[in-house]
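Have a look at the structure below before the remarks.
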Amino acid sequence: MPSYVFITGGVVSSVGKGIAAASLGLLLEARGLRVAMLKMDPYINVDPGTMNPYEHGEVFVTDDGAETDLDLGHYQRFTHAKLSRKSNVTTGSVYNAVIQKERRGEYLGKTVQVIPHITDEIKTRIRMLTAEPEDDADVAIVEIGGTVGDIESQPFLEAIRQFNLEVKPTPCCFIHVTLLPYIEAAGELKTKPTQHSVRALRDIGIQPDVICCRTGHRSLGPDQRRKIAMFCNVTENAIIGAQDISPIYAIPLNLHAQGMDQTVLDVLRLDAPPADLNEWRELVERMQRPREEVRVAAVGKYVAHDDAYKSINEAFSHAGVANDCTVRLEWIDSEQFENGVSPEEVLKDFDGILIGPGFGKRGVEGKVRAVQYLRESRKPFLGICLGMQIACIEIARNLLGLNEANSTEFEPETPHPVISLLTEQKGVKDMGGTMRLGAYRCVLKPGTKAYEAYGLDMISERHRHRYEFNNAYRARFEKAGLMFSGVHPRKDHELVEIAELEGHPWFCASQFHPEFKSTPLKAQPLFREFVKAALAEKKSRGK
Ligand code: GLN
């Protein structure tokens, strides 16, 4: 059985528990331990797949096709933990399982209640994370979403309190992440909200072992450290200051400098060799000293929520470091191209153009115009999922002469459905978890840009979409110079995975989501080569 670390949050939501959990995972791995990671979300959706990413943030997809919380993206980028359907539990999925058991009669004669039935199911999920022999881990890090004091998260907190008792004498470690607000008039960081939050936690029966304090761009002083330690009944060395640092990849180094990993290991009574963080340190230094900058336009719907395309933003930071540059990603509203603004006017000074994932008709025609401009002006282009579909629509209309070509998602009656539903998707009525999801193999064609980027014959990338390239049009596209450099082999017919345009400096679009597998130490090949092409484009303009 692994040792367990539970991470809770206090004072405000979005306090940074996900990064704290991922950073601790990274530090424990640097000390030779294997980690497993679990996120528990106290909302009633069975998974976040049906939520609006503009409100809730990106939906992260695992190899086994689970639609999960974006914190799993942090886990993926910081650690080697195996992520699957088991790595994200929601209130909805817990209730779903309990209600199904009740209907099957598994609780016959009993009144089914939050305690013990819901809390038992939560504990089962925690144990299931490492139940299979291949899940072997030394430490399981479990992050509880939400804020202590919320009604929603209570069953989860009660469950981890019971869990701690059940595994005795093996110790668990409780880490509470809080915020210290800065009060201008007093000129200091305030500890009172943290004290109250810890009191709420102790009311439930959980005494934190470590308190991780977010302090904005200020650092935690000795006075505040002493005060929090005393009021919250925690030793001073276990009060960790978590200052905002850029890039986020520097955060584990800061936590390590304050001895966080050792404090956690002491609580867990585990021995481990000293941390080897050399490679990580070099990476952070390279990120902090970029030689150049490229500007990439992300053409899409207006996005107010920074986290809606989290993995794409991060994949660009990894691709930047692989090319010794920073990538400045600027969001460009595609609807303006439908209202008289010319794409050239807005896009001409960019070094590359991205059209990313998306759903629904709004802004699509503007994106098609953006593709026409970048194709004709030979700007580097990366299309992801919807971005690939848009590229096909544009080429069908302007190179194949199929003026009304479209995706049946936007125009169900189009005479030229170059993007359409596979037969297996046609009868689908439920929206939750029914898209083409998760990892699929993709065979690459030698001599293509995709093949050069990966240096492999066969790759595996993750999907999240319903519509596909329509093979009935394939030969016509190929004649016009659109090469299908990656395909998923199936018994009946191949599915197009990557399309690239011959004779263009860099025009590559994938039906899969390359961003989900990018990590800082291993930039995703399509992102990496796109950024390289953007650097070349910048030079060619004499910039
Ligand atoms: N809306 C498109 C589809 O469902 C693309 C989805 C996406 O970009 N993730 O196929």
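Please read all numbers here as calculations on a predicted model, not as lab measurements. All ligand and atom numbering here is 1-based and tracks the order in the structure.
Residue pairs meeting the salt bridge (charged side-chain N to carboxylate O under 4.0 Å, His left out) criterion with at least one member in residues 502-530, sequence neighbours excluded: Glu529-Lys532. The stretch residues 438-459 participates, sequence neighbours left out, in these side chain to side chain donor-acceptor pair (under 3.5 Å) pairs: Tyr451-Asp457, Tyr454-Glu461, Tyr454-Gln524.
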Subject >> Verdict with supporting geometry, Glu537 and Ser540, side-chain contact (heavy atoms from CB on, under 4.5 Å) >> reply: CA-CA 5 Å; Glu537 153 71 17; Ser540 77; 3.8 Å; yes
**OP:** Take His56 and Tyr43 through the ring-ring contact (aromatic ring centres under 6.0 Å, His included) test and state the conclusion after the steps.
**Re:** CA-CA 11 Å; His56 181 76; Tyr43 46 71; 5.4 Å; yes
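The ring-ring contact (aromatic ring centres under 6.0 Å, His included) check on Phe337 picks up nothing, with sequence neighbours excluded.
Protein residues having at least one heavy atom under 4.0 Å from any atom of ligand 1 are Pro357, Gly358, Phe359, Cys385, Leu386, Gln389, Glu409, Arg464, His465, Arg466, Tyr467, His513, listed by chain and number.
Asn470 contributes a side-chain N or O that, together with a main-chain N or O of Ala472, makes up a donor-acceptor pair within less than 3.5 Å.
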